[in-house]
Amino acid sequence: MMKHRFTAGEMAKLSGLSKQTILFYDKKGILKPEYVDPDNGYRYYSADQLDFLDNIAMLKEIGLSLDEIRTFMEQRTRDYAVSRMEQQLESIRQKIRRLQTIEKQLSWKMKTLEDLTSKKDGVFLTRHQKPELLAVEPVSFPRRRKGTDDEDLMAQNIAIKKLMTKAKREHYPYFYQQGAIIPLKELKEGHYLRASHVFLPMEKKCVHALSMTKPPGLYARYYFTGRYTGSGSAYQLLFSELERMGLSAVSGSYEYCILDSLASQDTDHYVTLIEVEVEKKG
């Protein structure tokens, strides 16, 4: 019999864990008792095994699963410990880089929502000094090109889902912002939902992403509030204002979803930022 022995309850008190956790470690083969009384089935642990609990806690803290911890405890040698910890360190560094990207994505999303409190009414002009990199996905329409607004919007939604799936799988450095590009030809023909591409703004280039660049220049901007299918009225107002201002559109529109289902329960309150590159007539 061991000179110093501890029951599962005593091990729990000394380690700050619950007795259920100690018994669970036994069940998972992570920390088996050094002795089990054959008469009553009581589990007894040695003083050395108290150190094992500290090691298990450390391994959990650095991100190893219980199965990985069991393997670690079974194979522990200096060389194995160094090798396994190097692997985990690289995994942690990758997670840190990913969290830093998420921080930027979230900050961007928060800024777009906060900017709504100071948004201008009506059509106004802004000059973008730098190009904007966009990860894009072409929008595929049914063979019949004379679809309804609902069909055009559905095609956009499907394209967005495809793009988001790729972005998550390939870890695009994108911001939490979705949008669509409506060609100028479609706008002039009154097809306000017939996008050529959907997009996600990106922080930098990604080799896995199909991308295009929104050029710098003078843009007319308009915040449209309402359902996406009602955007026609916004474009009619926009082009009327451009005419009054002596400007003409030289690009299709870039639509940014500012307030959507993430922050509104009512589609009538959705906000879409519309931007069209413009120049002086004549």
Side-chain angles (χ1 to χ4, degrees), residues 104-139 149 152-153 155-164 167 172-184 186-187 191-204 209-235 237-239 241-242 249-264 266-278:
K104 293 177 182 178
Q105 293 170 323
L106 186 56
S107 296
W108 175 285
K109 185 65 174 180
M110 289 176 60
K111 183 178 184 303
T112 62
L113 292 173
E114 291 168 351
D115 286 349
L116 280 178
T117 60
S118 58
K119 74 178 179 68
K120 297 180 181 180
D121 294 325
V123 177
F124 60 100
L125 301 179
T126 189
R127 183 171 291 279
H128 294 310
Q129 302 293 342
K130 298 179 180 180
E132 183 178 21
L133 184 63
L134 308 173
V136 299
E137 177 74 19
V139 180
D149 284 350
D152 289 345
L153 186 57
Q156 275 195 48
N157 289 336
I158 291 172
I160 279 288
K161 296 300 180 290
K162 289 180 180 179
L163 180 56
M164 289 299 298
Y172 290 1
Y174 72 98
F175 296 110
Y176 291 140
Q177 179 80 70
Q178 299 177 358
I181 301 172
I182 317 294
L184 185 57
E186 300 288 5
L187 294 174
H191 303 144
Y192 304 115
L193 293 170
R194 196 159 294 171
S196 60
H197 297 80
V198 293
F199 66 79
L200 301 170
M202 289 200 298
E203 180 187 11
K204 58 186 178 181
L210 176 63
S211 63
M212 62 174 58
T213 300
K214 175 185 172 186
L218 182 65
Y219 284 80
R221 311 181 94 195
Y222 179 68
Y223 283 96
F224 164 65
T225 301
R227 298 169 183 261
Y228 298 135
T229 51
S231 63
S233 61
Y235 281 109
L237 183 151
L238 172 62
F239 283 109
E241 281 297 292
L242 291 182
V250 295
S251 77
S253 69
Y254 297 86
E255 294 185 351
Y256 298 81
C257 300
I258 304 298
L259 192 64
D260 53 19
S261 59
L262 176 67
S264 176
D266 189 344
T267 56
D268 288 333
H269 295 159
Y270 283 6
V271 177
T272 303
L273 172 61
I274 297 172
E275 286 199 351
V276 177
E277 189 178 5
V278 297

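All values below were derived from every heavy atom in this structure, side-chain atoms included, with hydrogens, water molecules and symmetry-related copies excluded. A quick note: this is a predicted structure, and the numbers were derived from the prediction, not measured.
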May I have the step-by-step check of side-chain hydrogen bond (donor to acceptor under 3.5 Å, both in side chains) for Y176 and Q105, ending in yes or no?
-> CA-CA 5 Å; Y176 291 140; Q105 293 170 323; 3.3 Å; yes

Nearest 0.5 Å, please: how far is [atom2] in [Y] from [atom1] in [X]?
X	Y	atom1	atom2	answer
E114	K109	CD	NZ	12.0 Å
I181	Y254	CD1	OH	5.5 Å
L200	I160	CG	CD1	6.0 Å
D152	E186	CG	CD	8.0 Å
F199	K214	CZ	NZ	7.0 Å
L184	S196	CG	OG	11.5 Å

Where do [X] and [Y] come nearest, in terms of heavy atoms and distance?
X	Y	value
I274	L238	CG2-CD2, 4.0 Å
L113	I258	CD2-O, 3.3 Å
A220	V278	CB-CG1, 3.9 Å
T126	E275	CG2-OE2, 4.4 Å
R221	L273	NH2-CD2, 3.1 Å
S231	Y192	OG-CB, 3.8 Å

Taking side chain as C-beta onward, heavy atoms only, is [X] less than 4.5 Å from [Y]?
X	Y	answer
Q156	I182	yes
M202	S211	yes
Y235	Y222	no
R227	Y270	no
Y256	Q177	yes
E241	F124	no
L153	N157	yes
P216	P131	yes

Side chain of E137, backbone of H197: donor and acceptor closer than 3.5 Å?
->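 Between the backbone of H197 and the side chain of E137 there is no qualifying donor-acceptor contact (under 3.5 Å).
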
Residue pair F224, S233: steps toward the side chain to side chain contact (heavy atoms under 4.5 Å, CB included) verdict | CA-CA 9 Å; F224 164 65; S233 61; 4.1 Å; yes

Start with the C-alpha distance between L193 and T229, add both sets of side-chain angles, then the distance that settles side chain to side chain contact (heavy atoms under 4.5 Å, CB included), and finish with yes or no.
-> CA-CA 7 Å; L193 293 170; T229 51; 4.1 Å; yes

Step by step, work out the side chain to side chain contact (heavy atoms under 4.5 Å, CB included) result for Y174 and E203.
-> CA-CA 6 Å; Y174 72 98; E203 180 187 11; over 6 Å; no

Report the C-alpha separation of E277 and H128 in whole Å, then their side-chain angles, then the decisive distance to 0.1 Å, and conclude whether the side-chain hydrogen bond (donor to acceptor under 3.5 Å, both in side chains) test is met.
-> CA-CA 10 Å; E277 189 178 5; H128 294 310; over 6 Å; no

Verdict with reasoning, V198 to E255, per side chain to side chain contact (heavy atoms under 4.5 Å, CB included) = CA-CA 9 Å; V198 293; E255 294 185 351; over 6 Å; no

